[in-house]
Amino acid sequence: MDKYLCKDKQPQSFTEYIDYFNPAAEILQEANGTKRRRFITGEGSQSTLWDHTWWWWYTKNRNDEEPRLLNAHIIRHILPDVKLLVILRNPVDRLYSDYLYFSPNEKKSAKSFHNKVTRSIKDFNKCLTKKSLRHCVYTGFTAEERLFIGLYAVYLKDWMNIYPRKQLLVLSLDEYSTNPSMAMSKIFKFLDLRDIGKVGTRTVHYNERRPSSRAVGQMLNKTRHILEQFYKPFNKELSLLMNDTRFLWQT
């Protein structure tokens, strides 16, 4: 679905959002029972996991410290048996990619990123002295850099409280990148699909860095160190939650 949202304005209502699935619905409607069972319809908006700022769009919710209703509640109500696939990237690398990708007209540099990270961490920690962690995360905290998106444990803990664990598959991007065949086998098994065998070596990349972004180079070592220290306790919590040390992203 993301490709449609990139081309057009985002839907302004739930009805408009549902309309994006009309082509898939028409195929399913025309298919017979046997053929219909071969189709799997999905949606791939990354922000579904973490973006709950819509809660404060409604006047009566403006003073709420935290959202009382999450995306997971709505999806569970409509699709109680849906299977959820989450692929997580090292939050340090995710943040730098986020910085390079968005606001393409902004002059980017490793030093500029470092300064923004330093200020953002300071502001985030200041928020924590006054508010709860979930408040600082779910309000779409207005730091210069979106540190909060990488606090995966906060989001997944809530999703796992709403959905049975068996309906949620969480992989790391490293796992997919280093062994796509194994990762895809896990995904197909999770979706109750037949084994696809070995995945070919040809890889198609989407959302590649722009030439201007590639020219910026890597983040500074001191920036990486600061971010690794910031995310360390959250990664540890995620690792315990998933019972998987790969989510520690240790260097």
Side-chain angles (χ1 to χ4, degrees), residues 1-22 41-89 91 94-95 98-99 101-103 116-117 119-165 167-168 170 230-231 233-235 237-238 241-242:
M1 175 182 160
D2 279 346
K3 63 181 180 180
Y4 297 107
L5 293 182
C6 290
K7 292 179 180 178
D8 307 315
K9 67 183 180 70
Q10 291 195 5
Q12 300 301 307
S13 69
F14 185 69
T15 301
E16 284 187 70
Y17 170 74
I18 292 296
D19 287 344
Y20 280 114
F21 296 88
N22 282 343
T41 304
E43 198 267 31
S45 296
Q46 299 92 332
S47 58
T48 302
L49 177 71
W50 55 265
D51 189 355
H52 301 86
T53 52
W54 56 266
W55 180 257
W56 288 275
W57 293 354
Y58 302 96
T59 305
K60 65 180 182 180
N61 301 336
R62 292 282 168 82
N63 296 322
D64 288 354
E65 289 290 306
E66 300 174 4
R68 286 177 279 117
L69 196 65
L70 303 175
N71 295 334
H73 289 107
I74 298 173
I75 297 173
R76 179 73 191 272
H77 177 73
I78 300 170
L79 299 170
D81 300 319
V82 71
K83 294 196 173 184
L84 305 161
L85 170 64
V86 182
I87 301 179
L88 302 176
R89 186 178 186 179
R94 192 221 66 80
L95 187 65
D98 190 279
Y99 165 75
Y101 185 78
F102 291 101
S103 303
K116 288 188 175 186
V117 163
R119 290 192 293 267
S120 296
I121 291 177
K122 181 180 179 181
D123 290 343
F124 188 82
N125 288 333
K126 183 178 180 181
C127 177
L128 292 178
T129 64
K130 301 176 181 179
K131 304 289 185 178
S132 69
L133 173 62
R134 292 181 82 252
H135 171 89
C136 295
V137 170
Y138 279 129
T139 52
F141 184 74
T142 55
E144 290 182 82
E145 293 302 314
R146 302 192 299 175
L147 300 163
F148 60 90
I149 296 178
L151 305 183
Y152 307 130
V154 176
Y155 308 116
L156 285 174
K157 190 177 294 183
D158 281 340
W159 279 82
M160 290 169 67
N161 283 335
I162 297 166
Y163 270 99
R165 182 68 180 88
Q167 288 178 232
L168 190 68
V170 183
F230 173 77
Y231 283 117
F234 301 104
N235 292 343
E237 186 176 0
L238 176 66
L241 186 66
M242 296 291 105

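Everything numeric here is computed off the predicted structure, so don't read it as measured data.
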Test item: side-chain donor near acceptor, Ser132 and Glu66, under 3.5 Å: yes
Worked verdict on Trp50 versus Phe148 for side-chain contact (heavy atoms from CB on, under 4.5 Å): CA-CA 9 Å; Trp50 55 265; Phe148 60 90; 3.9 Å; yes
Note, Met242 side chain near Met160 side chain (heavy atom, < 4.5 Å): yes
Distance-only polar pair, side chains of Trp159 and Asn71, donor-acceptor under 3.5 Å: no
Distance-minimising heavy-atom pair for Pro164 and Arg76: CD-NH1, 4.0 Å
Spatial distance of atom CH2 (Trp54) from atom OG (Ser47) [nearest 0.5 Å]: 12.5 Å
Gln167 side chain vs Pro80 backbone, donor-acceptor pair below 3.5 Å: yes
Asn161 atom CG, over 12 foreign heavy atoms within 6.0 Å: yes
Lys131 backbone acceptor or donor facing Glu65 side chain under 3.5 Å: no
Donor on one side chain, acceptor on other, Glu43 and Tyr17, under 3.5 Å: yes
Between CG on residue Leu133 and CG on residue Leu128, distance to nearest 0.5 Å: 6.0 Å
Side-chain heavy-atom pair Phe124, Cys136 within 4.5 angstrom cut-off: yes
Arg94 vs Tyr99 side-chain heavy atoms within contact, under 4.5 Å: no
Nearest-0.5 Å distance that lies between atom CZ in Arg134 and atom NE2 in His52: 9.0 Å
SB check Arg119 Asp123 (cutoff 4.0 Å): no
Inter-residue atom distance Ile75.CD1 - Leu70.CG, 0.5 Å rounding: 10.0 Å
Side-chain donor-acceptor contact under 3.5 Å, Asp51 with Tyr155: no
Any Phe234 side-chain heavy atom under 4.5 Å of Leu147 side chain: no
Residues in side chain to side chain contact (heavy atoms under 4.5 Å, CB included) contact with Asn61, at least two apart in sequence or another chain: Trp55, Tyr58, Asp64, Arg68
Check: Thr139 main-chain N/O paired with Thr53 side-chain donor or acceptor under 3.5 Å: no
Partners meeting ring pair (Phe, Tyr, Trp, His ring centres under 6.0 Å) with Tyr163 (sequence neighbours left out): none
Cation-aromatic face contact Arg89/Tyr152, 6.0 Å, 45 degrees: no
Leu168 and Leu85, any side-chain heavy atoms less than 4.5 Å apart: no
Side chains of Glu237 and Lys157 in contact at under 4.5 Å (non-hydrogen atoms): yes
Shortest non-hydrogen contact between Phe21 and Gly42, atoms and distance: CE2-O, 3.8 Å
Flag side-chain contact, heavy atom, 4.5 Å: Asp158 against Leu156: no
Reported CG-to-CG distance for the pair Leu49 and Leu88, which is rounded to 0.5 angstrom: 7.0 Å
Residue pair His135 / Cys127, side-chain heavy-atom distance below 4.5 Å: yes
Reported CG-to-CZ distance for the pair Leu95 and Arg146, which is rounded to 0.5 angstrom: 9.0 Å
Minimum heavy-atom distance between Pro91 and Gly150, given as atom pair plus value: CB-O, 3.7 Å
